[in-house]
Amino acid sequence: MTELSHPDRQAKVEAIRAAGRDPYPPRGVPAEAIEALIEAGGTPEEPGPRIDTEVTVAGRLLGMRDFGKLIFAPVLDRTGRIQVGLRRDALTDWWPQRKELDGGDLVAVTGTLGRTQKGQLTVWATEVKLLAKAVAPPPEKWHGLVDVEQRYRRRYVDLWASEGVREVFVKRSRMLSLSRRFLEERGFLEVETPTLHPIAGGATARPFVTHHNALDVDLFLRIAPELYLKRLIVGGLERVFEVSRNFRNEGLSVRHNPEFTMLELYQAQADYRDMIELTEALVSMLAVELTGATEVPFRAKAYDLAAPFERGRYDELFERASGVSLFDEAAVRQKARELDAEVPAELGHFKQVDRLFEILVEDELDRPTFVTHHPAAISPLAKVDPDNPDFAERFELHIGGMEICNGFTELNDPVEQEERFRAQVASLDPESPGEVDIDYIQALEYGMPPTAGLGIGMDRLCMVLTNQDSIRDVLLFPTMRRRPAQVSEEASSPDC
RNA sequence: GGGCGCAUAGCUCAGUCGGAAGAGCAACUGGCUUUUAACCAGUAGGUCCCAGGUUCGAGCCCUGGUGCGCUCACCA
């Protein structure tokens, strides 16, 4: 037992046991979805087919309004909420047990679907069963859980005590299943690739390091599935995708969590332009399916997610915003000094350009926009633009100042890929991989067809589609520091 | 990691100038058969985040720490 357990409620548990009943019975009760009953109840003017029939609902008792010989109480299940009416006349045998119930308890109620004098749809109970006693009291009924720390740490309370929370996560789940269906309809195969990587590749990020005892090797939690998925393209699967949990050992913010979900996909015989079109089709479909329209509210603004989205070349956006050419190293350096945004010189000129690009362009890209043709120097896995080899056949989708997607025509020349990997490893960037992924180069040596790939940050896309300001509000259990109390509690009193 | 802010009853929050720890909801007792955050009367409930310091006296002032939020840096 913990400090949350309330003595009055514990006493009720004991009283129920003393009376020979089980406060935690092993079996539930078959019940109907509340949402369906509300639908089948009709309106006060036009009663539906289930009015005056016997129904059973099961769920959490959210409170009780006790009138002495009559009690009204809302019951919540996964689909909705309905009122139950407990009358002494109809529950003669059970009536003395009513004091054993508290708000927060899990119950099953059988009765007749009807209405109150004011027309409220109500299950008039003929049978009440306690399914599980809540010894911890629920949060205040009107405000719910508003302390954000408590909401994230106790999501199991937040989901039923705070308005709209469950809806966000239902939408997130639908977003994933709609995306899967969308890709499967286009011939993509869902695959699973390793989470434990011997080399942290496919992105530029600090990895989490772990150790495998039997093999006695250090392994990295994946920062991206990219290099494995492209091996599968070499393997002839041609169209693959993975819903990939990625791990990056970096800071937390309103848009960053150390573990996050990317939908990454690769398609043979496609290039970056096909990926742009696929992105537009997927995102606008999700907007319609989840919100009912292509125009979605986000951060007190309206975002139009109808295809096509705006497009802008990286170099043009950069030069328009900064007033300098991105090839002019002296001018770029000068601009960086002005903005107090200098990066170490050893990381290279285009890292500095990209740093300025983030400040001057990305943060201002509010409306859905594809940025295209990033510098090849910062796109080591992308094919260069044949018309202009300084730039890559690459794009990113930005919405509301956030990068949502990243995609490109994949580099499939093994010699060029090896050169780019070697340049990365040689650079002094602490986030570069520590060694060249020779196995990946060898895969390319067997021949990878012309291929394009795309990665979508599903958490951020979910933020936009559910109008949540923080990534933590679209993660069921966002990463949190462990509380000292949790540590000492277990260490000092294991028998509690 | 830096800056700013928050931490008081199970929950949501007041707490004035440094002078006896408060309210609503939840709980408990009693009343009430159609409520909609039901209502009425009563009872109980506190490590004021933690540790120091200043003071006759600290929820309040000072120092350090912990947790969380926002923000900057890093990143998607």
Side-chain angles (χ1 to χ4, degrees), chain A residues 2-12 62-74 81 83-91 95 99 102-104 114-122 124 134-154 157 161-162 203-206 223-224 244 246-262 264 340-341 343 351 354-355 358-359 362 396-398 402-406 429-431 455-461 463 469-472 478 480-488:
Chain A
T2 76
E3 71 281 359
L4 282 184
S5 182
H6 195 286
D8 293 330
R9 290 171 182 250
Q10 292 163 28
K12 289 181 185 183
L62 291 182
M64 290 197 284
R65 295 186 285 277
D66 186 345
F67 287 79
K69 299 182 186 63
L70 167 70
I71 301 167
F72 287 114
R81 170 199 298 232
Q83 172 169 276
V84 299
L86 312 178
R87 284 183 298 198
R88 190 182 63 173
D89 293 350
L91 292 161
W95 197 249
K99 298 281 185 189
D102 292 298
R115 294 196 176 271
T116 63
Q117 290 174 359
K118 299 220 171 127
Q120 172 82 33
L121 193 66
T122 300
W124 293 109
V135 291
E140 204 242 17
K141 62 185 175 188
W142 184 241
H143 297 90
L145 262 190
V146 300
D147 180 332
V148 290
E149 180 181 351
Q150 291 300 314
R151 290 190 44 225
Y152 299 149
R153 287 190 191 279
R154 297 198 216 281
V157 176
S162 306
T204 309
R206 285 177 221 272
I223 58 175
S244 168
N246 297 345
F247 305 85
R248 299 189 183 176
N249 204 340
E250 283 150 2
L252 291 78
S253 83
V254 74
R255 346 184 147 69
H256 299 88
N257 197 67
E259 55 180 302
F260 65 101
T261 302
M262 293 259 309
E264 206 157 289
D340 197 24
V343 302
K351 274 281 180 188
D354 203 43
R355 176 84 189 94
E358 285 168 14
I359 296 171
E362 287 187 5
E396 290 182 348
L397 173 62
H398 292 258
M402 291 192 295
E403 182 188 334
I404 304 285
C405 301
N406 183 18
D429 187 341
E431 295 184 354
I456 305 174
M458 296 305 266
D459 312 279
R460 290 180 177 177
L461 183 58
M463 289 168 65
D469 289 350
S470 170
I471 197 169
R472 294 186 193 93
M480 304 280 276
R481 199 184 299 271
R482 194 177 187 193
R483 305 188 71 186
Q486 292 177 315
V487 180
S488 63

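Convention: sequence-line order gives letters A, B, ...; per-chain numbering from 1. Quantities reported herein were computed from a predicted structural model and do not represent experimental measurements. These values consider heavy atoms only, across backbone and side chains, with no hydrogens, waters or symmetry-generated copies.
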Hunt down the Watson-Crick or G-U wobble partner of [N], both distances under 3.5 Å, from any strand shown, or write none.
N: B:rC49; answer: B:rG65
N: B:rA76; answer: none
N: B:rU36; answer: none
N: B:rG19; answer: B:rC56
N: B:rC70; answer: B:rG3
N: B:rU43; answer: B:rA27

Worksheet entry | Test item: A:Arg460 side-chain N/O and A:Glu403 main-chain N/O as donor-acceptor pair under 3.5 Å |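 Yes, the answer is positive, given that a donor and an acceptor are paired below the 3.5 Å cut-off.
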Discussion item. Looking at A:Gln120 and B:rU34, is any side-chain donor or acceptor paired with a base atom of the opposite kind under 3.5 Å?
Written reply: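 There is none.
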Fill in: Check: A:Arg87 side chain, B:rU34 base, donor-acceptor under 3.5 Å
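Looking at the base of B:rU34, it does pair with a donor or acceptor on the side chain of A:Arg87 (distance under 3.5 Å).
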Taking the side chain as every heavy atom from C-beta outward, state whether [X] and [Y] have any atom pair closer than 4.5 Å.
X: A:Arg81; Y: A:Leu62; value: yes
X: A:Ile71; Y: A:Arg65; value: no
X: A:Arg87; Y: A:Lys69; value: no
X: A:Arg472; Y: A:Arg151; value: no
X: A:Lys12; Y: A:Asp102; value: yes
X: A:Glu396; Y: A:Glu362; value: yes

Mind checking [X] for me? I need base, sugar-phosphate or nothing, with any heavy atom below 4.0 Å counting as a touch.
X: A:Asn246; answer: nothing
X: A:Asn257; answer: base
X: A:Thr204; answer: sugar-phosphate
X: A:Arg115; answer: nothing
X: A:Gln83; answer: base
X: A:Gly144; answer: sugar-phosphate
X: A:Gly457; answer: nothing

Nearest-Å distance once atom [atom1] is located in both [N] and [M]:
N: B:rU63; M: B:rA23; atom1: C1'; answer: 33 Å
N: B:rU71; M: B:rU35; atom1: P; answer: 46 Å
N: B:rA44; M: B:rU34; atom1: C1'; answer: 31 Å

Quick test: give all pairs of protein nitrogen or oxygen and nucleotides 4-6 of chain B nitrogen or oxygen below 3.5 Å, distance rounded to 0.1 Å.
none

Does [X] have a side-chain nitrogen or oxygen under 4.0 Å from the phosphate oxygens OP1 or OP2 of [N]?
X: A:Arg355; N: B:rC74; answer: yes
X: A:Arg65; N: B:rU35; answer: no
X: A:Arg472; N: B:rC70; answer: yes

Rounded to the nearest Å, what distance is computed from the [atom1] atom of residue [X] to the [atom2] atom of nucleotide [N]?
X: A:Asp66; N: B:rU34; atom1: CG; atom2: P; value: 12 Å
X: A:Leu86; N: B:rU36; atom1: CG; atom2: C1'; value: 15 Å
X: A:Lys69; N: B:rU35; atom1: NZ; atom2: P; value: 17 Å

Polar atoms only, N or O, under 3.5 Å: list the protein pairs with nucleotides 42-46 of chain B and their distances.
none

Worksheet item: Sequence neighbours excluded, which residues qualify as side-chain contact (heavy atoms from CB on, under 4.5 Å) partners of A:Val254?
Response: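 Listed in chain order: A:Ser470.
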Worksheet item: Rounded to the nearest 0.5 Å, how far apart are OG1 of A:Thr261 and CD1 of A:Ile456?
Response: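 Answer rounded to 0.5 Å: 12.5 Å.
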Worksheet item: Atom CE in A:Met64, atom CZ in A:Phe72: separation rounded to 0.5 Å?
Response: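 Rounded to the nearest 0.5 Å, the CE-CZ separation comes to 14.0 Å.
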Worksheet entry | A:Phe67-B:rC32 aromatic stacking (under 5.5 Å, under 30°) |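 Here the ring of A:Phe67 and the base of B:rC32 are not stacked, as the 5.5 Å and 30° limits are not both satisfied.
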Fill in: Stacking check A:Phe260 vs B:rA76 (5.5 Å / 30 deg)
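Yes, A:Phe260 stacks on the base of B:rA76, since the ring centres sit under 5.5 Å apart and the planes are within 30°.
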Identify each donor-acceptor pair in which a side-chain atom of residues 246-253 of chain A lies under 3.5 Å from a protein atom, sequence neighbours left out, and give them as a table.
residue	atom	partner	partner atom	Å
A:Asn246	OD1	A:Ser244	OG	2.5
A:Arg248	NE	A:Ile223	O	3.0
A:Arg248	NH2	A:Ile223	O	2.7
A:Glu250	OE2	A:Arg206	N	3.0
A:Ser253	OG	A:Arg255	N	3.0
A:Ser253	OG	A:His256	N	3.3
A:Ser253	OG	A:His256	ND1	2.7

Discussion item. What's the closest nucleotide to the side chain of A:Lys118 if the choices are B:rU35, B:rC70, B:rG67?
Written reply: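 Between B:rU35, B:rC70, B:rG67, the one nearest the side chain of A:Lys118 would be B:rU35.
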Fill in: Stepwise side-chain contact (heavy atoms from CB on, under 4.5 Å) test for A:Met402 and A:Ile404
CA-CA 6 Å; A:Met402 291 192 295; A:Ile404 304 285; 4.2 Å; yes
Please produce a list of atom pairs where a protein N or O lies less than 3.5 Å from an N or O of nucleotides 22-28 of chain B.
residue	atom	partner	partner atom	Å
B:rG24	N2	A:Glu140	OE2	3.3
B:rC25	O3'	A:Lys141	NZ	3.2
B:rA26	OP1	A:Lys141	NZ	2.8
B:rA27	O2'	A:Asp8	OD2	2.3
B:rC28	OP1	A:Lys12	NZ	2.3

Fill in: Contacts of A:Arg355 that satisfy salt bridge (charged side-chain N to carboxylate O under 4.0 Å, His left out) - sequence neighbours left out
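With sequence neighbours excluded, A:Arg355 shows a salt bridge (charged side-chain N to carboxylate O under 4.0 Å, His left out) to A:Glu358, given in chain and number order.
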Worksheet entry | Derivation of the side-chain contact (heavy atoms from CB on, under 4.5 Å) call for A:Asp459 and A:Asn257 | CA-CA 9 Å; A:Asp459 312 279; A:Asn257 197 67; over 6 Å; no
